[in-house]
Amino acid sequence: MKILLIAINAKYIHSNPAVYSLQACAGAYASHVKIIEFTINQPVSYMLREIYKERPDVAAFSCYIWNRSIIAQLVPDLKKLLPGTDLWAGGPEVSYDAAKAIENWQLRGVMRGHGESSFYRLAMSYATGGAGSLPAILDGASGKQMTLDEIPFWYEGAADFTHRIIYYESSRGCPFSCSYCLSSIEKAMDFRSVARVCRELDFFLERRVPQVKFVDRTFNCKKAHALPILRHILEHDNGVTNFHFEVAADLLDEDYFVLLQRMRPGAIQLEIGVQSTNPDTVAQIRRTMDFSKVAAAVSRIQSWRNIHIHLDLIAGLPKEGLRSFQSSFNDVYELRPEQLQLGFLKVLKGSAMESEAPSYGLLYTNEPPYEVLATKWLSFEDVCRLKMVEEVLERYYNSGQFSHTLDFLSAYFHTPYAMYDALASWYDSRGLFGIQPSRIRKYEILLEFAVSIITASKKSDAGPQADVCREYLAYDIYLREHMKNRPDFLPSLQSWKDAIHGILSQEAKTHALFPQLSHCGYRELTKTLHVEIFPTIFGQPAAGVFYYGARDPLTNNGIAITVPLQSRE
């Protein structure tokens, strides 16, 4: 008897905690269970072939909005190739219309809701020959359910953590009732004991796992649970592992701040769902959020320079039109998070938003991810506009590769949103969307855009300001990467050759700038360091000396030290 649990993940670096948890909960029947993982970027024909090679007696799919359409392609062909295999599905994409999924896909059944107890029953029934008595819908809400603390640690037997994000769950449910979220349906919360969580985190720390991402919807909703876990991470930090948490920033208080401020730079990152700063919108979606407290907490954390902050916005929420969303964007952008995600409303099956959609004039796609097309307040044209803004925001702001240039350019616009909207228009008018330009080409495009904006400003110093922009671009380029070939749009350094030689010669003698390179002579330093000349942006001619052997854990930038130069005028 072979039961195949099939996960189709969004990316290779992702893992699927659901299937690992189910396998761990099979108990004495776990030997009959095998996991196979794919990504949505792999050909469906490849998945079909790999599943067929397993010849399972039971194949069970973990269904989400990002893989539902792929599973819909796989199931009919699997039924042809493996007519004796029972097909099951579980996950949010089949839990809220289980009967319809069974009918449409001709499944043997659906595991609905939390699946650990249901899967144990399924595995036992197939292993002992009693599968015929299983109902078509195995409901995770009926009968005695495993508590989160009763579920075995599902990574115990796993070995390969290389280049993978490990997902971990210390609580289920959410105390809030946001209308767009499925977690709001679960009124009760369940917590894994702090002692168990800390033991299991040690498992990751001992193996120096790169990142552990908590999937708790609001990690800090219960202080007695969250604080000891954060304290354990602080006290057992291995210098490598990063922990990611979704938190409500307005619930952070002095006890949290004392711990957070002491964290190693890069040890944790916080994702904070702002979604909107429009009070009417926040109230309409039944969200609890005080943006003034969020802003104060984020600003305080940012001042320490040790924690990566990720802030989220959702376009398409009720009572928020384009102008209101622009205001929300500007409010959040001014906090300067490391990541600003501009997302679009997904009308998830079973959510309150699904039932309320008609009253909002909410149109959304029939197929996953059920994304907003228009509302009473936001037209489809507005949505298209925001889609373009999202793309340039992702390329330029969220990449972290253009920060100084963007700061320079922002002075030419009344608001942050106006800058990205103008950049989106530039992209659109030149047919640049739909292609993936090289990194250097992105710099070239930004320079072309900047020159057009500076020229259009009609300021008397437009020419010199274009040169200043080039300097900022050079600073951004070399802050991130020791490039072998100098970009064509940057001026030659030939006239500064003697100054650069002098800086490197002095460093080879004193190692005053980078004492960690005291073992390097002049020749080694020419290969290890990059020296760039900046005539203007530091107020006087200066050299930037860039080192890449150590990087900022928040930005991934190298180290830059500025050395004043004698003016040659």
Side-chain angles (χ1 to χ4, degrees), residues 313 315 322-323 325-327 329-330 332-334 336-342 381-481 483 485-492 532-538 544 555-557:
L313 286 172
L322 184 60
R323 182 170 295 182
F325 186 82
Q326 290 172 4
S327 178
F329 181 98
N330 292 329
V332 173
Y333 189 90
E334 290 298 339
R336 297 303 175 93
E338 278 70 37
Q339 291 275 307
L340 198 176
Q341 179 176 323
L342 196 173
E381 287 80 5
D382 294 335
V383 171
C384 292
R385 188 82 197 166
L386 291 175
K387 281 285 185 181
M388 293 192 296
V389 170
E390 176 202 22
E391 188 164 337
V392 295
L393 181 76
E394 197 66 28
R395 288 186 181 185
Y396 288 95
Y397 183 83
N398 287 338
S399 69
Q401 298 173 1
F402 308 86
S403 56
H404 297 86
T405 309
L406 292 172
D407 284 346
F408 166 76
L409 276 177
S410 66
Y412 289 86
F413 298 91
H414 295 299
T415 67
Y417 179 87
M419 177 171 68
Y420 290 98
D421 187 58
L423 181 55
S425 293
W426 177 270
Y427 257 73
D428 190 39
S429 65
R430 285 154 180 80
L432 296 171
F433 286 118
I435 61 173
Q436 284 296 329
S438 67
R439 184 178 170 214
I440 290 302
R441 181 58 186 142
K442 290 176 189 175
Y443 282 97
E444 291 172 345
I445 292 169
L446 189 59
L447 178 60
E448 292 162 7
F449 168 72
V451 170
S452 73
I453 294 299
I454 293 168
T455 302
S457 71
K458 299 187 183 302
K459 293 182 179 179
S460 58
D461 62 347
Q465 286 298 94
D467 292 333
V468 170
C469 187
R470 281 187 177 83
E471 286 189 48
Y472 280 115
L473 279 169
Y475 192 84
D476 281 332
I477 286 173
Y478 287 107
L479 194 58
R480 182 59 67 92
E481 183 179 347
M483 303 191 69
N485 299 315
R486 188 170 180 79
D488 292 339
F489 61 83
L490 295 182
S492 170
E532 184 69 21
I533 304 300
F534 302 100
T536 307
I537 62 176
F538 294 108
T555 65
N556 199 37
N557 287 334

Quick check for you: to the nearest 0.5 Å, what is the distance between Lys442 atom NZ and Ser399 atom OG?
6.5 Å
Residues which pass side chain to side chain contact (heavy atoms under 4.5 Å, CB included) with Glu444, listed by chain and number, not counting sequence neighbours:
Ile440, Arg441, Glu448, Phe489
Taking side chain to side chain contact (heavy atoms under 4.5 Å, CB included) as the definition, give me every residue that meets it alongside Ala456, ordered by chain and number, with sequence neighbours left out.
none
Going by the rule ring-ring contact (aromatic ring centres under 6.0 Å, His included), which residues pair with Tyr333 if we only count those two or more places apart in sequence or in a different chain?
Phe329, Tyr397, Tyr420
Run the ring-ring contact (aromatic ring centres under 6.0 Å, His included) test against Tyr443 and tell me which residues pass, sequence neighbours left out.
Phe402
Set of residues satisfying side-chain hydrogen bond (donor to acceptor under 3.5 Å, both in side chains) with respect to Thr555, sequence neighbours excluded:
Asn557
Restricting to side chain to side chain contact (heavy atoms under 4.5 Å, CB included), what partner residues turn up for Leu322, sequence neighbours left out?
Gln326, Leu378, Asp382, Leu386, Tyr417
Of all pairs that satisfy salt bridge (charged side-chain N to carboxylate O under 4.0 Å, His left out), the ones with a partner from residues 421-434, not counting sequence neighbours
Arg385-Asp421
Of the non-hydrogen atoms in Leu490 and Arg486, which two are nearest, and what is the gap between them?
CB-NH2, 3.8 Å
Applying salt bridge (charged side-chain N to carboxylate O under 4.0 Å, His left out) to Glu481 and not counting sequence neighbours gives Arg439
For the residue pair Ser457 and Tyr412, what are the closest heavy atoms and their distance?
OG-CE2, 3.8 Å
Minimum heavy-atom distance between Gln339 and Asn398, given as atom pair plus value:
NE2-O, 2.6 Å
List the atom of Ala315, the atom of Leu342, and the distance in Å for their closest heavy-atom pair.
CB-CD2, 4.3 Å
Hits for salt bridge (charged side-chain N to carboxylate O under 4.0 Å, His left out) against Glu391, two or more places apart or cross-chain, chain-then-number order -> Arg395
Determine the minimum heavy-atom distance between Ala424 and Val389, stating which atoms define it.
CB-N, 4.0 Å
As an exercise, state the distance from SG of Cys469 to CG of Leu409, rounded to the nearest 0.5 Å.
5.0 Å
Backbone N or O of Ser452 within a donor-acceptor pair of the Thr455 side chain at under 3.5 Å?
no
Assess the residue pair Ile454 and Phe408 against the criterion (side-chain contact (heavy atoms from CB on, under 4.5 Å)); give the C-alpha distance rounded to whole Å, side-chain angles, the decisive distance to 0.1 Å, and a yes or no.
CA-CA 11 Å; Ile454 293 168; Phe408 166 76; 4.1 Å; yes
Residue list, side chain to side chain contact (heavy atoms under 4.5 Å, CB included) with Glu471, at least two apart or on another chain:
Phe534, Pro535, Thr536, Ile537
Using 0.5 Å steps for rounding, measure from the CG atom of Leu446 to the CG atom of Leu423.
6.5 Å
Sequence neighbours left out, what passes salt bridge (charged side-chain N to carboxylate O under 4.0 Å, His left out) with Arg336? Give chain and number order.
Asp407
Can you name the residues that form a salt bridge (charged side-chain N to carboxylate O under 4.0 Å, His left out) with Arg480, not counting sequence neighbours?
none
So OG1 of Thr415 and CG of Asn330: to nearest 0.5 Å the spacing works out to 4.0 Å
Show the nearest heavy-atom pair for residues Asp476 and Thr405, with the distance to one decimal.
OD2-OG1, 2.7 Å
Does Phe433 reach the side chain of Val392, with side-chain heavy atoms less than 4.5 Å apart?
yes
Angle class for the Phe449/Phe413 ring planes (parallel below 30°, perpendicular above 60°, tilted otherwise)?
parallel
